[in-house]
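Both counts, for ligands and for their atoms, begin at 1 and track the order of listing. All residue numbers refer to positions in the sequence shown, counting from 1.
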Amino acid sequence: MAIYKALTIAGSDSSGGAGIQADLKTFQELCVYGMTALTTIVAMDPDNRWNHLVFPVDMNVVREQLKTIVDGVGIHALKTGMLGSVELIELAADTIDKAGVPAVIDPVMVCKGTDEVLHPELADALREVLVPKATVVTPNLFEAGQLSKLGSITTVEQMKEAAGIIHGLGAQIVVVKGGGKLQHEAAVDVLYDGQSFEVMESERIETTYTHGAGCTYSAAIAAELAKGRPVREAIATAKAFITEAIRHSFPLNQYVGPTLHAAQRIYGKN
Ligand SMILES: Nc1ncnc2c1ncn2[C@@H]1O[C@H](COP(=O)(O)OP(=O)(O)O)[C@@H](O)[C@H]1O
Ligand SMILES: Cc1ncc(COP(=O)(O)O)c(C=O)c1O
Ligand SMILES: [Mg+2]
């Protein structure tokens with residue numbers, strides 16, 4: 001059996017539901033060999049309302065990890081998650097050029113449940129340097145508002161407008177995730193490939209336990225692309241995967257509830 005390999009360039013979520021942990025668990029569930037270039041370590045303070053503490057990894061350390069993986073092993077696809085600096089965003093873009101494989105860009109700007117202010121230069125670098133390299137880019141509503149410069153997005157029409165603008169930056173396929181945040185009875189994502197819009201409505205699960213949903217979804221797309229699946233098929237498979245992971249999400253403590261990456265394996269595909 002062929003072994004397909006995927007790389008994630010992302011941060012560590014010590015609590016295991018998002019970031020590189022979500023990516024690796026997802027790669028494993030979808031039978032892809034996962035490798036990691038760690039950019040940042042996020043810890044959470046249980047004595048201070050789960051306040052996020054962010055520890056960047058030295059740039060040289062990130063470079064050496066990428067050399068190991070891209071030069072030393074080889075990959076079939078990659079994804080990016082939390083990239084905490086302009087230098088890291090540029091390094092991720094260079095890595096995509098060098099590796100020449102499909103790339104899923106999850107333009108992580110803020111963690112759910114935190115109110116950290118976004119550094120504008122990060123949004124600028126994502127918009128100008130990394131999004132143009134994307135096979136698929138998966139902004140949530142906030143990130144789509146920042147990348148498109150539309151600001152607050154509250155309707156499907158605005159999601160379409162944002163997707164059009166983000167496609168214009170150079171991404172091949174844009175998926176704006178309405179998810180649980182859009183006021184709608186379904187979970188609505190908008191896909192745009194430069195030709196037509198697809199409003200993807202799926203079952204909306206009533207839960208607040210969606211920590212890591214975006215990481216998991218983008219990792220699932222990357223895993224399917226690593227296996228050589230066509231992009232639309234990869235997105236459909238990933239959507240089914242995240243819906244089941246959210247259906248079986250659970251609380252870790254009073255602050256956070258991740259999705260269950262193993263949901264399809266344990267409970268079936270529904
Ligand atoms: N409550 C929900 N029910 C069903 N699907 C959801 C729900 N919340 C999010 N999703 C889906 O999960 C994926 C990740 O979206 P989202 O949670 O918005 O990303 P992020 O974690 O980056 O904010 C999207 O496909 C979205 O539609
Ligand atoms: C390291 C890391 N990456 C990414 C995210 C974003 O997670 P989500 O998939 O919920 O958008 C988080 C959120 O806590 C994180 O800690
Ligand atoms: Mg996200």
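- Closest heavy-atom approach to atom 10 (O) of ligand 2 within the set S12, G212, G179, A10: this belongs to G212.
- The nearest non-hydrogen atom to atom 2 (C) of ligand 2, considering only H52, M82, Q21, M109, comes from M82.
- Applying the 4.0 Å criterion to heavy atoms of C215 picks out, from ligand 2, the atoms 4 (C), 5 (C), 6 (C), 7 (O), 8 (P), 9 (O).
- Between R63 and D94 there is no salt bridge, since no side-chain nitrogen of the basic residue lies less than 4.0 Å from a carboxylate oxygen of the acidic one.
- In terms of polar-atom proximity, defined here as any N/O pair under 3.5 Å, M44 makes no such contact with ligand 2.
- If you number the atoms of ligand 2 from 1 as listed, the ones under 4.0 Å from a heavy atom of H211 come out as 10 (O), 13 (C), 14 (O).
- In terms of N/O distances under 3.5 Å, ligand 1 is approached by K239.
- Near K177, meaning under 4.0 Å from one of its heavy atoms, ligand 1 places the atoms 14 (C), 15 (O), 18 (O), 19 (O), 20 (P), 22 (O).
- When non-hydrogen atoms are compared, ligand 2 lies under 4.0 Å from the side chain of A18 (C-beta onward) but not from its backbone.
- Below 4.0 Å from some heavy atom of E203 lie the following atoms of ligand 1, by number and element: 3 (N), 4 (C).
- Considering only residues two or more places apart in sequence or on other chains, Y267 meets the ring pair (Phe, Tyr, Trp, His ring centres under 6.0 Å) condition with H248.
- L83 CG to M109 CE: the interatomic distance, rounded to the nearest 0.5 Å, is 11.0 Å.
- Of the candidates D189, I205, T216, T207, the one placing a heavy atom closest to atom 24 (C) of ligand 1 is D189.
- Remark: the backbone N or O of L191 is not paired with any side-chain donor or acceptor of E198 at under 3.5 angstrom.
- An N or O contact shorter than 3.5 Å links K181 to ligand 1 by distance.
- When only interatomic distances are considered, the shortest N/O to N/O separation between G214 and ligand 1 falls below 3.5 Å.
- I96 pairs in a side chain to side chain contact (heavy atoms under 4.5 Å, CB included) with only one of the listed residues (I105, I9, V70, T135), which is I105.
- For K177 (side chain) and T138 (main-chain N/O), a donor-acceptor pair under 3.5 Å exists by modelled atom type.
- Contact between T243 and ligand 1 is absent, with no heavy atom of the residue lying under 4.0 Å from the ligand.
- Here the side chain of H76 pairs a donor or acceptor atom with the backbone of K5 at under 3.5 angstrom.
- At distances below 3.5 Å, at least one donor-acceptor pair connects side-chain atoms of R127 with backbone N or O atoms of Q146.
- At least one donor-acceptor pair closer than 3.5 Å links the side chain of D189 to the backbone N or O of G178.
- Near D13, the atoms of ligand 2 lying under 4.0 angstrom from a non-hydrogen atom of the residue are 1 (C), 16 (O).
- Taking distance alone, with nitrogen or oxygen atoms compared against 3.5 Å, E143 stays at or beyond that limit from ligand 1.
- Close approach to G180 involves these atoms of ligand 1, each under 4.0 Å from a residue heavy atom: 7 (C), 8 (N), 9 (C).
- Without hydrogens or angle criteria, T68 side chain to E64 main chain gives a donor-acceptor distance under 3.5 Å.
- Contact annotation: for A22 versus ligand 2, there are no heavy atoms closer than 4.0 Å.
- Using a 4.0 Å heavy-atom cutoff, G81 is absent from the residues neighbouring ligand 2.
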Could you give the side-chain donor-acceptor pairs of residues 27-39 under 3.5 Å, partners two or more places apart or in another chain?
unit_1: E29; atom_1: OE1; unit_2: R265; atom_2: NE; d: 2.9
unit_1: E29; atom_1: OE2; unit_2: R265; atom_2: NE; d: 3.3
unit_1: E29; atom_1: OE2; unit_2: R265; atom_2: NH2; d: 2.5
unit_1: T39; atom_1: OG1; unit_2: A10; atom_2: O; d: 3.1
unit_1: T39; atom_1: OG1; unit_2: G11; atom_2: N; d: 3.4
unit_1: T39; atom_1: OG1; unit_2: M82; atom_2: O; d: 2.8

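- Between N140 and ligand 1, a contact under 3.5 Å exists for at least one N or O pair.
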